[in-house]
Amino acid sequence: MAIFSIQRFNPEKDNVPCFKDYELNVPEGATVLDCLNLIKWTQDGTLTHRMSCRSAICGSCAVRVNGHPKLACKTQAADEIIGGRMKIEPIGNAKVLKDLVVDLELFYSKFQKVKPWLITEGSGVTGQGSENNKERRQSPEDFHRIDAASTCIMCACCVSDCNSWAANEKFLGPAALAKAQRFVDDSRDVGTLKRIKDLSEANGIWDCTHCGECVERCPAEVKPMDRIISLRTTSLKIGIWNNNGARHVRGFVDFIYKSGRLNENILPVKSMGIFNIPGLLSLIPVGIRMFLKGKNPPIIHRHIDEMDDVRRIFRKFKQKT
Ligand code: FES
C-alpha cells in the first residue's frame with residue numbers, strides 16, 4: 001500500500017495546481033504508469049496523463065517522479081516509494097495543460113529549427129533530386145557516430161531539468177541539439193557547414209552550461225550534453241570561431257597554453273571580442289555587480305606552484321589531439 005501524491009490542475013476551474021493523495025495497493029512488478037492507470041480506472045476518472053506504447057518507445061508518458069523526470073512506463077513503482085509515498089508531477093520547463101499533461105509545442109518547434117532531415121546534393125531533402133533516388137549506404141563505423149543520438153525518443157525528460165532552458169526559453173535545448181548532431185555527423189549529409197553556422201548563433205550550442213542534468217535524466221542512451229560537446233568540437237574544427245562561445249574556448253586554451261593559468265579579468269573581454277564595443281559595454285553592469293558582491297577576480301593573481309607542470313601537461317595533451 002502506498003500514497004501517491006499527484007499534482008492536479010484543471011485550467012477550467014483552478015488558478016494554481018495542487019496535490020491530491022491517492023492510496024493504492026501496488027501490484028507486484030507494477031510500473032509507475034500501471035499505478036497511474038489503476039488510480040484513473042478505479043478511483044478518479046478525471047486524472048489526466050499521457051501514454052501510448054507502454055514500452056519506453058514513444059516517450060509520451062514522461063512525468064516527474066519524486067522530483068525528477070522519468071518514463072512512467074519504464075519505472076518500477078516499488079523503486080520510487082519512499083516512506084510509503086510517491087510524488088508525481090508534470091515534467092518541468094513546459095506549460096501544464098491539465099494534471100500531468102504539458103504543452104510540447106515549444107519543445108517540438110526547436111526540432112524544426114535544427115532541420116531534422118538529411119540534406120543531400122541537389123535538393124536539400126532526402127530522396128528528392130538525388131542521383132536516381134538511389135539508396136544511400138552507410139558503413140557501421142559511420143553509423144556509430146550517430147548511433148547514440150538516434151536513440152532519442154523525444155520524451156522531453158532532458159529538457160524538463162535543463163537549467164539553461166529554465167533561464168532562457170529560446171535556448172534550443174538538449175533534445176533538439178542532440179538531433180542536430182545526428183545530422184551534422186551523418187556521413188550522407190552535405191549541410192554540415194550551414195548547420196554548424198546556424199547552431200553557433202545565440203541560443204545554440206554555446207548556451208549549454210554543462211550542468212549535466214540532461215545526461216542524468218535521459219532514459220535512453222542519448223547523453224545530450226555529449227552530443228552538444230561533439231557539435232562544439234566540429235564547430236571549432238571547421239573554423240566557426242566568430243561567436244562568444246568559440247572565442248571563450250580559444251581564449252581559455254590560449255591562457256593555459258601560454259601562462260599555465262586563467263586570467264578571468266581578460267577572458268570575458270576575449271570572449272566578447274575586443275572590437276565588439278556594445279558587447280563590452282554590456283559587461284560593465286555585470287562587472288559592477290560582481291565588484292559590489294566581492295566576486296571579482298583579483299587583478300594580481302597569487303603565485304601558484306607547479307604552473308610549469310600545468311603548461312607541460314597541457315602542451316603534451318595538445319600534441320596528442
Ligand atoms: S508510454 Fe510510450 S514511452 Fe512510456
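What you see is a predicted model; the values in this text were computed from it and never measured. Order of appearance sets the numbers: ligands from 1, and atoms from 1 within every ligand. The figures that follow rest on heavy atoms only: side chains count, while hydrogens, waters and symmetry mates do not.
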**Request:** Tell me yes or no: between the side chains of S5 and D21, is some donor less than 3.5 Å from an acceptor?
**Result:** yes

**Message:** Would you say atom 4 (Fe) of ligand 1 has C73 as a near neighbour, meaning an N/O/S atom of that residue under 2.8 Å away?
**Reply:** yes

**Fill in**
The answer for which part of I57 has a heavy atom under 4.0 Å from ligand 1 is backbone

**Item:** Salt bridge present between K115 and D198 (N-O < 4.0 angstrom)
**Value:** yes

**Request:** Below 4.0 angstrom from a heavy atom of G59, which ligand 1 atoms are there? Numbered from 1 as shown, please.
**Result:** 2 (Fe), 3 (S)

**Prompt:** Below 4.0 angstrom, N of the basic side chain to O of the carboxylate: do D34 and R54 qualify?
**Reply:** yes

**Prompt:** Any idea which atoms of ligand 1 are less than 4.0 Å away from a heavy-atom of A56?
**Reply:** 3 (S)

**Prompt:** Does any N, O or S atom in C61 come within less than 2.8 Å of atom 4 (Fe) of ligand 1?
**Reply:** yes

**Message:** When you compare the side chains of R247 and N242, does any donor N or O come within less than 3.5 Å of an acceptor on the partner?
**Reply:** yes

**Complete:** Numbered in order shown, the ligand 1 atoms found under 4.0 Å of a heavy atom of C53 are 1 (S), 2 (Fe), 3 (S)

**Item:** Option with minimal heavy-atom separation from atom 2 (Fe) of ligand 1, where the choices are A72, S52, C58
**Value:** C58

**Message:** Using a 3.5 Å distance criterion without hydrogens, assess whether the side chain of R8 forms a donor-acceptor pair with backbone atoms of L100.
**Reply:** no

**Prompt:** Which residue holds the protein heavy atom closest to atom 1 (S) of ligand 1, what is that atom called, and what is the gap in Å?
**Reply:** R54 N, 3.1 Å

**Prompt:** Is the shortest distance from a Lys or Arg side-chain nitrogen in D189 or R195 to a carboxylate oxygen in the other one below 4.0 Å?
**Reply:** yes

